[in-house]
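What follows is one structure encoded as structure tokens, with my remarks underneath.
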Amino acid sequence: MTRPWPSTVAEAEAVQEQLRPLVDLADSGPEHVRLVAGLDVGYAVKGDEVTGAVVVLDADTLRVVDRAVVRERVRFPYVPGLFAFRELPPLLAALDRLPVTPDLLICDGYGLAHPRRFGLACHLGVLTGLPTVGVAKTAFVGSHDAPGRERGAWSPIRIDGDVVGRALRTREGVKPVYVSQGHRVGLDTACAHVLRLTPAYRLPEPIRQADRLSHS
DNA sequence: GCGACAG
DNA sequence: ATCTTGTCGC
């Protein structure tokens, strides 16, 4: 289900242009979110192998209810802007091994805030049909002012005047995270979920759990 | 033209 | 992403 995969930058960019129209940015978000999944990819031991990890949490209690890990050979080099072609294969494989279907996916990376407005979160959303949100740890594209120092403060990330995401402070005095829409979830809803899923650390609990799993 | 550039 | 010790602060 991940068969024909681009092997060149030109092919990969063409795929993004082709799939971009399929992204749903109008839907404000799922009515009920009971199961939230965090996804991340780890690069360890052998440099040509990647580990895709997915951890499903109960959205209310934040307890882990399911998880899946897949180790496989890397399919695409790291190229800023084409990140998804490197991380999507192991993530889709891990999702396939889950016995449940999450109501929302939290991706480690960008969604709309992308050179061609089609980052990992958008791509994963289109391929799975599931609601997705992108949460990145460092700035990539666009510009933004520093959000207030308190938890919950945010400032818009803009590219040529268009708002493509938000720099959101999840902990007082700590560097903000960068939230952008993936698929079928509005920006307000996305940020609300991210804050609700981040009770103690800088990163949302689903992402932290997936990060841990991708390293074991 | 030069540098920067999600992980 | 990954290579890596100690250290400041709640």
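To find a chain, count down the sequence lines: A is the first, B the second, and so on, and within it residues start at 1. A quick note: this is a predicted structure, and the numbers were derived from the prediction, not measured.
- For the pair D48(A) CG and dA1(C) P, the computed distance is 19 Å after rounding to whole Å.
- Straight-line distance from the CD1 atom of I207(A) to the C1' atom of dA6(B): 12 Å, rounded to whole Å.
- Ion pairing between a basic and an acidic side chain is recognised when a charged N comes within 4.0 Å of a carboxylate O; R208(A) and D40(A) show no such pairing.
- Using a 4.0 Å heavy-atom cutoff across all strands shown, G134(A) reaches no nucleic acid atom at all.
- Salt-bridge annotation for D145(A) and R158(A): absent, with no side-chain N of the basic residue lying under 4.0 Å from a carboxylate O of the acidic one.
- Across all strands shown, A113(A) has no heavy atoms under 4.0 Å from either base or sugar-phosphate atoms.
- In summary, the side chains of H193(A) and R196(A) do present a donor paired with an acceptor at a separation below 3.5 Å, with no hydrogens or angles considered.
- Contact annotation: Y178(A) side-chain N/O to dA6(B) OP1/OP2 distance is not under 4.0 Å.
- Following rounding to the nearest Å, R86(A) (CZ) and dA1(C) (C1') show an atom-to-atom distance of 8 Å.
- Distance, L88(A) CG to dG7(B) P: 16 Å, rounded to whole Å.
- Protein atom CD1 of I159(A) is 13 Å distant from nucleotide atom P of dA6(B), rounded to whole Å.
- Contact annotation: T138(A) reaches the phosphate of dG7(B) (side-chain N/O to OP1 or OP2, under 4.0 Å).
- Looking at the side chain of D40(A), the nearest of the listed nucleotides dG7(B), dA6(B), dA1(C) is dG7(B).
- Atom P of nucleotide dA1(C) and atom CG of D211(A) are separated by 7 Å, given to the nearest angstrom.
- Counting any heavy atom pair closer than 4.0 Å across all strands shown, L82(A) reaches a base atom.
- Considering only side-chain N and O atoms, H215(A) lies under 4.0 angstrom from the phosphate OP1 or OP2 of dT2(C).
- In this structure, the aromatic ring of F140(A) is positioned over the six-membered ring of the base of dA6(B), centres within 5.5 Å and planes within 30°.
- In this structure, Y78(A) and F83(A) have perpendicular ring planes: the angle between them is above 60°, well past the 30° mark.
- For K137(A) and dA6(B), the shortest distance from a side-chain N or O to OP1 or OP2 is not below 4.0 Å.
- Taking a centre distance below 5.5 Å and an interplanar angle below 30 degrees as the stacking criterion, F83(A) does not stack against the six-membered base ring of dG7(B).
- When the P atom of dA1(C) is taken as reference, atom CG of L203(A) falls 10 Å away, rounded to whole Å.
- For residues 124-143 of chain A, every residue pair satisfying the ring-ring contact (aromatic ring centres under 6.0 Å, His included) rule, not counting sequence neighbours, is listed here: Y110(A)-F140(A).
- The distance between atom CZ of R75(A) and atom C1' of dG7(B), rounded to the nearest whole Å, is 18 Å.
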